[in-house]
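Here's the structure we're looking at; comments come further down.
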Amino acid sequence: MKIAFCCTNTKAEPWLEAFRQALPGVDIWEWQAATPGQAPKLADHAVVWSPPQSFIDEQTQLQNLFNIGAGVDALLKLNLPASLNIVRLNDAGMSVQMAEYVCHAVIRYFREFNHYDKDQIEQRWSYRKPAWRADFPVGVLGAGVLGSKVAQALKQFEFPVNVWSRSPKQLPGLTSYTGLEQLPAFLKASKVLVNLLPLTPDTENILNHAHLSQLQAGAYLINVARGKHVVDQDLIDLLDQGHMAGATLDVFRVEPLPPEHAFWKHPKIVVTPHTSARTLREESVAQIASKIKAVYAGQFIEGRVDKVRGY
Ligand code: NDP
Ligand code: OXD
């Protein structure tokens with residue numbers, strides 16, 4: 001079995017070592033573009049993150065691309081052979097991290113911890129009036145692997161929680177809204193909005209003025225999916241006009257977020273560097289190795305991407 005490793009911005013050696021331990025006898029190497037005139041070494045499968053088109057064009061025998069992330073938007077921008085399967089990571093330790101990040105952001109807003117931070121700087125001992133959880137309905141866009149875990153974690157704190165997805169969900173204690181038809185009702189029923197949608201042609205720019213302005217007054221956005229879901233200027237306008245109270249943003253149209261971008265210094269925005277749920281090497285290698293074994297055993301594997309649907 002031959003595997004090429006082609007992951008942008010990832011140090012290859014520890015991954016190669018971990019795969020060699022998980023799949024004894026595997027021939028795995030870090031991909032480098034072949035020098036002109038030299039026949040490339042061809043792999044059966046690849047482990048990838050944002051590979052260049054030249055990798056796909058060169059590797060003509062690939063059966064499966066194993067993405068070391070949950071989002072496959074970067075892969076689907078490439079020109080891929082119809083026979084090539086894309087397999088995403090299913091959780092692999094990301095959902096608990098996402099739940100931590102989102103619960104922290106929601107609770108920080110609900111409990112007004114940003115005010116206590118300021119009070120401490122000024123050595124002021126000053127209480128805030130407790131808010132009602134019933135006034136803090138949280139809407140989670142996307143009820144997949146990550147969205148459903150996040151929604152359930154928020155429910156543990158007794159917030160009213162709504163989820164929005166393409167297909168209806170039956171998640172205990174959560175209110176499910178489905179499809180574009182029910183999006184307005186979902187938005188009107190939510191004050192805090194958490195985005196965990198995949199980036200697809202249907203979801204790009206979904207966090208725009210028309211949609212964000214339907215949230216309840218004092219709205220708060222937590223975007224942990226992709227920067228291209230948000231129309232940046234619309235968000236800034238709604239924050240400046242006061243309809244929205246704040247935003248915690250982990251992902252951006254351009255990453256790293258350019259130094260001149262208005263989000264960095266906006267008083268109502270918290271910025272983090274695409275870190276809400278990191279890919280964990282040990283969990284990811286274990287999951288991909290077990291999927292590769294399942295492929296050879298002719299078994300079903302979780303996480304095959306539907307290229308037409310886009311996730
Ligand atoms: P899943 O594919 O498991 O879930 C996607 C959810 O979105 C599903 O519930 C799906 O509905 C719903 N959905 C998709 N398209 C639409 C649509 N047009 N209208 C309504 N609902 C829709 O993905 P994950 O939960 O694993 O990951 C979500 C995203 O999180 C990733 O694509 C990635 O971009 C981002 N991510 C960000 C990370 C970070 O560090 N910031 C880390 C990991 C992921 P249905 O259930 O009906 O199919
Ligand atoms: C992912 C990510 O998609 O890290 O896994 O954003």
Side-chain angles (χ1 to χ4, degrees), residues 69-71 88-111 113 130-200 202-203 206-207 211-212 214-226 229 247-248 250-251 276-278 280 283 287 290 300-306 309-311:
R88 49 155 293 181
L89 279 183
N90 276 61
D91 195 338
M94 282 190 278
S95 73
V96 66
Q97 297 178 68
M98 205 51 109
E100 285 162 359
Y101 182 101
V102 171
C103 289
H104 172 267
V106 172
I107 291 166
R108 186 175 161 79
Y109 177 42
F110 175 64
R111 295 291 300 268
F113 284 126
W132 293 98
R133 266 160 234 279
D135 293 338
F136 266 78
V138 185
V140 182
L141 291 164
V145 174
L146 303 180
S148 58
K149 176 83 167 194
V150 164
Q152 280 156 347
L154 288 162
K155 196 68 210 167
Q156 293 292 309
F157 291 102
E158 301 179 12
F159 292 105
V161 181
N162 307 309
V163 293
W164 185 70
S165 50
R166 269 178 22 140
S167 52
K169 304 287 170 208
Q170 286 190 328
L171 297 164
L174 311 182
T175 310
S176 161
Y177 295 81
T178 310
L180 273 182
E181 242 169 60
Q182 294 185 4
L183 183 58
F186 163 85
L187 293 168
K188 284 188 188 99
S190 305
K191 177 180 257 184
V192 179
L193 187 66
V194 179
N195 179 32
L196 272 164
L197 289 169
L199 181 66
T200 69
D202 290 337
T203 65
I206 194 167
L207 301 173
H211 288 146
L212 293 174
Q214 292 179 53
L215 293 166
Q216 296 178 5
Y220 195 97
L221 173 67
I222 299 165
N223 186 22
V224 279
R226 287 292 182 265
H229 286 125
T248 292
D250 186 50
V251 286
S276 49
R278 304 290 292 269
L280 303 177
E283 282 85 343
Q287 184 176 114
S290 95
F300 167 83
I301 53 170
E302 293 270 356
R304 282 263 299 265
V305 170
D306 177 333
R309 201 175 62 160
Y311 68 100

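Bear in mind the structure is a predicted one, so any value in this text is a computation, not a measurement.
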For [X] against [Y], the heavy-atom pair lying closest together:
| X | Y | result |
| --- | --- | --- |
| Met94 | Ala277 | O-CB, 3.5 Å |
| Gly179 | Trp164 | O-NE1, 2.8 Å |
| Gln182 | Ser176 | OE1-O, 4.1 Å |
| Ala92 | Glu283 | O-CB, 3.4 Å |
| Arg166 | Tyr311 | NE-OH, 3.1 Å |
| Pro137 | Gln216 | CG-OE1, 3.6 Å |

Check whether any side-chain N or O of [X] sits under 3.5 Å from a backbone N or O of [Y] as a donor-acceptor pair, and report yes or no.
| X | Y | value |
| --- | --- | --- |
| Gln287 | Leu89 | no |
| Thr203 | Pro198 | yes |
| Arg278 | Gln97 | no |

**Study point:** Tyr109-Phe136 aromatic ring centre distance below 6.0 Å
**Key:**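 Yes; Phe136 has its ring centre under 6.0 Å from that of Tyr109.
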Practice item. Would you please indicate if the ring centroids of Phe110 and Phe159 are separated by under 6.0 Å? Key: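 Yes, close enough.
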Exercise for review: List the steps, then state whether side-chain contact (heavy atoms from CB on, under 4.5 Å) holds for Arg88 with Val145.
Suggested key: CA-CA 11 Å; Arg88 49 155 293 181; Val145 174; 3.7 Å; yes
Review point. So, Lys169 versus Ser167: side-chain donor-acceptor pair below 3.5 Å or not?
Key: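 On atom types as modelled, these side chains qualify, holding a pair under 3.5 Å.
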Can you tell me how far [atom2] of [Y] sits from [atom1] of [X], rounded to the nearest 0.5 angstrom?
| X | Y | atom1 | atom2 | value |
| --- | --- | --- | --- | --- |
| Asn223 | Leu193 | CG | CG | 9.0 Å |
| Cys103 | Lys155 | SG | NZ | 12.5 Å |
| Leu180 | Asp202 | CG | CG | 7.5 Å |
| Thr178 | Leu183 | OG1 | CG | 11.0 Å |
| Tyr101 | Thr248 | OH | OG1 | 5.5 Å |
| Met98 | Asp250 | CE | CG | 7.0 Å |

Result of checking [options] against [X] for side-chain contact (heavy atoms from CB on, under 4.5 Å):
| X | options | value |
| --- | --- | --- |
| Val224 | Leu146, Leu196, Asn195 | Leu196 |
| Ser190 | Leu141, Val138, Val161, Asn162 | Asn162 |
| Val163 | Val140, Val150, Thr175 | Val140 |

Review point. Heavy-atom count around Phe113 CZ within 6.0 Å, excluding the residue itself: above 12?
Key: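 Yes - once you tally the heavy atoms of other residues, nucleotides and ligands closer than 6.0 Å, there are more than 12.
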Check your understanding: Got more than 12 heavy atoms from elsewhere within 6.0 Å of CZ, Arg133?
Key ->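 Enclosed.
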Review point. Taking C-beta and beyond as the side chain, do Thr200 and Arg309 meet within less than 4.5 Å on heavy atoms?
Key: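 No; the side chains remain at least 4.5 Å from each other.
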